[in-house]
2 protein chains.
Amino acid sequence: MPTARVVTLAHVAAAAGVNASTASKVLNGDAAVRVGPDTRARILAAAKALGYRPNALARGLRTARSHMLGIAVPQLENPVFPEIILGAETAARERGYSLLISHSGEADGDARLYEALAAVSRVDGLLVATLEDEAVLASALARSTVPFVVINRKLEGIANHVVFDSFAAARVATEHLLSLGHRRIAHLAGRTEGYNGTRRLAGYRAALEAAGLVFDPSLVVAAGYTVEGGEAAIRELLGRGAGFTGIVAATVLTAAGAMKVLHATGLQLPSQMSIVGIHDAAIADMLHPPLTTVRLPLREMGSVATHGLIDLLEGRIGQVECTLPIERLVARQSCAAPLGSRP
Amino acid sequence: MPTARVVTLAHVAAAAGVNASTASKVLNGDAAVRVGPDTRARILAAAKALGYRPNALARGLRTARSHMLGIAVPQLENPVFPEIILGAETAARERGYSLLISHSGEADGDARLYEALAAVSRVDGLLVATLEDEAVLASALARSTVPFVVINRKLEGIANHVVFDSFAAARVATEHLLSLGHRRIAHLAGRTEGYNGTRRLAGYRAALEAAGLVFDPSLVVAAGYTVEGGEAAIRELLGRGAGFTGIVAATVLTAAGAMKVLHATGLQLPSQMSIVGIHDAAIADMLHPPLTTVRLPLREMGSVATHGLIDLLEGRIGQVECTLPIERLVARQSCAAPLGSRP
DNA sequence: CTGTTAGCGCATTCAT
DNA sequence: ATGAATGCGCTAACAG
């Protein structure tokens, strides 16, 4: 497999009749270099004519900057992660960086996770969007030799992070149901220990209390972030016999799982049961009925984290701490006024 | 931002009291080197003790192999691509390669696409899963300086590709409906010019004809590969008034779009209309009713393409040409016997 | 204004 | 069985 003829800086310099270092300065737009306009033109012309492409490896070796970023995600099945990656990849490209992907899979135990992170070697920095247990993640990250920004959660003792306002997301979702007249609203929570889980639960509760309702723990079930979790949780809730007419689901997958069970139960959506999901994934609009959601700035989260990481790397800033506002509620057909309310 | 102390080969060599070149040979398991067992042990121990990690950039510069692969995908919104990426990333990691991601977005025109590919510079090879027009893609690829494998389509004049059996996928889907007693089966086709589109159409038609039915062009509409395309196509079909009781949808997104319209129309699924989708994405099970699908070897396609590309790179093989069999039909609740059939 | 020199970290001849 | 020397392609000091 003969690699195609590769044009090096030396070729360009030779063609332009200058020294390689001069060509390097000109091509890199080194501001501190004063060079004759004709020389500059010759170099540029030669580079273009020869189709010169700098060797990123050599440059990286010399400058100790690979211009590559790694992103660690737990999985690709949940649409949350492709969205984050999309934002990250776009931002990275804008800034002249490439994005190396690594999915940690079912990594448990920090050694395994650390391996996944280390596999993303030769990167200048790391974007971390995994779902590990706090302690495990912190321990793995403590060994990192490069700067990193944590996406989608705040970690005790770790400065750099970009999150969105999970509290507001749940509050807005709950308020929507409240405004429709619902008074008994259940919450299919995420992981009630995690950052997002606790914030969402708090947002749900705050909305309830602001409306003068009392928080009823029997209306809350931890459902995780999967379809199966949603199914199990709604069954549990239904089994408890604690009447409710609306549901705030922690994610769109949780909502989908709940809807499967509700359909099986024969309950009519939205007339007999309303549901709001948090995360406006494409699937929300494919569910039946189309799911009302809170649109989350996931792409933006990836993008902001990436710009922040690069700024960090380049010494422009010292820290990345950002909480993005949620976008808005997207009303579809999964919510209606509760049955009992006046018509 | 002081980069953490970095251990080089020289450090290891010094610690072991040997020359760097010796350490290099031992650490790389160079077979042609005979080295004293104690020396070898000392080197290995020193490397481990110091936590030596070879500098991938330096190694790449020296060997002219970056051990990085690029994957170009058109988008991340369609779950097809994350699945392919997952397979590719896993395979790459198994072989000691990293995966650099690049989404070409709405690239049209080969210059733009070429830029996207070139952005994935510094890679040893390229995995190409874009959706471009044949000519555009071929023209962009012609400029590639590295070997590539095309995923999910065959291209005129381009040898290396990994596809799945699109013909069989559509045939199996159609046969399922046939076996249930359907006789008027519509096809929401993909892009009827593309590789997959034509193969699927052919598979659909073959199944029909094998069952002694005549192919009716008025039952086929090009729907592309999006939800909106599915919606438009089913409306078109319904508008034609050509009666049918079953639908073979080119993708799960197409099927989801069709189902939205069918629900809006008030048709009962599956009692009044059956539907099968091609591609067993996670969403299939979240639709209502859960969608019967043909499971496609997407992850495997990514994995096989990646192994093939690496084999190509390493000179183990000369060509990658592979058509993967489909996995199987996954029956859910979107199909039933047609109304007219005996009970 | 431009050229010279040096070296990033590694793998690879070729000598011992 | 090991070491010395060389250079991959590039950029950064420093000369001139």
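None of these values were measured; they are calculated from a predicted model.
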* Asked: Using the C1' atoms of the five pairs at each end, what is the angle between the end axes of the helix from C:dC1-D:dG16 to C:dT16-D:dA1, to 10°?
  ->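 Here the local axes at opposite ends form an angle of 40°.
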* Using the test side chain to side chain contact (heavy atoms under 4.5 Å, CB included), find all partners of A:Arg59 that sit at least two apart in sequence or belong to another chain. =>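 Residues passing side chain to side chain contact (heavy atoms under 4.5 Å, CB included) with A:Arg59: A:Asn28, A:Pro54, A:Thr63.
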* Sequence neighbours excluded, which residues qualify as side chain to side chain contact (heavy atoms under 4.5 Å, CB included) partners of B:Thr39? ->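 Counting only residues at least two positions away or on another chain, B:Thr39 forms a side chain to side chain contact (heavy atoms under 4.5 Å, CB included) with B:Val18, B:Val35, B:Arg42, B:Ile43.
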* Contact list for residues 47-79 of chain A, test ring pair (Phe, Tyr, Trp, His ring centres under 6.0 Å), sequence neighbours left out ->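 Matches after skipping sequence neighbours: A:His67-A:Tyr97.
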* Asked: What integer distance in Å separates B:His11:NE2 from C:dC8:C1'?
  ->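 Nearest whole value for this atom pair: 12 Å.
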* Could you tell me the separation between the CZ atom of A:Arg65 and the P atom of C:dG9, rounded to a whole number of Å? =>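 In whole Å, C:dG9 P and A:Arg65 CZ are 14 Å from each other.
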* Asked: Side chains of B:Arg122 and A:Ser98: is there a donor and an acceptor less than 3.5 Å apart?
  ->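 The answer is yes; a qualifying pair exists.
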Considering only distance and modelled atom types, tabulate donor-acceptor pairs under 3.5 Å from the side chains of residues 82-89 of chain B, sequence neighbours left out.
unit_1  : atom_1 : unit_2   : atom_2 : d
B:Glu83 : OE2    : B:His279 : NE2    : 3.0
B:Glu89 : OE1    : A:His103 : ND1    : 2.6
B:Glu89 : OE1    : B:Arg93  : NH2    : 3.4
B:Glu89 : OE2    : B:Arg93  : NH2    : 3.0

* **Pairing residues for A:Phe148 by the ring pair (Phe, Tyr, Trp, His ring centres under 6.0 Å) criterion, not counting sequence neighbours** =>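 Once residues adjacent in sequence are excluded, A:Phe148 has no partner under the ring pair (Phe, Tyr, Trp, His ring centres under 6.0 Å) criterion.
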* Asked: With sequence neighbours left out, what residues match A:Phe81 under ring pair (Phe, Tyr, Trp, His ring centres under 6.0 Å)?
  ->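 None.
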Close N or O pairs between protein and nucleotides 8-11 of chain D (under 3.5 Å):
unit_1 : atom_1 : unit_2  : atom_2 : d
D:dG9  : N2     : A:Ala58 : O      : 3.4
D:dC10 : OP1    : A:Tyr52 : OH     : 2.6
D:dC10 : OP1    : A:Asn55 : N      : 3.1
D:dC10 : OP2    : A:Leu9  : N      : 2.4
D:dT11 : OP1    : A:Asn28 : ND2    : 3.3
D:dT11 : OP1    : A:Arg59 : NE     : 2.6
D:dT11 : OP1    : A:Arg59 : NH2    : 3.1
D:dT11 : OP2    : A:Ser24 : OG     : 3.0
D:dT11 : O2     : A:Arg62 : NH1    : 2.1

* To do: Ignoring backbone atoms, test whether B:Asn19 places a side-chain nitrogen or oxygen under 4.0 Å from the OP1 or OP2 oxygen of D:dA4.
  =>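 B:Asn19 to D:dA4 OP1/OP2: side-chain N or O found under 4.0 Å.
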* Asked: Is there any salt bridge (charged side-chain N to carboxylate O under 4.0 Å, His left out) pair reaching into residues 152-163 of chain B, and which pairs are they, with sequence neighbours excluded?
  ->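 Every candidate salt bridge (charged side-chain N to carboxylate O under 4.0 Å, His left out) pair involving residues 152-163 of chain B fails, so no pair, neighbours aside, qualifies.
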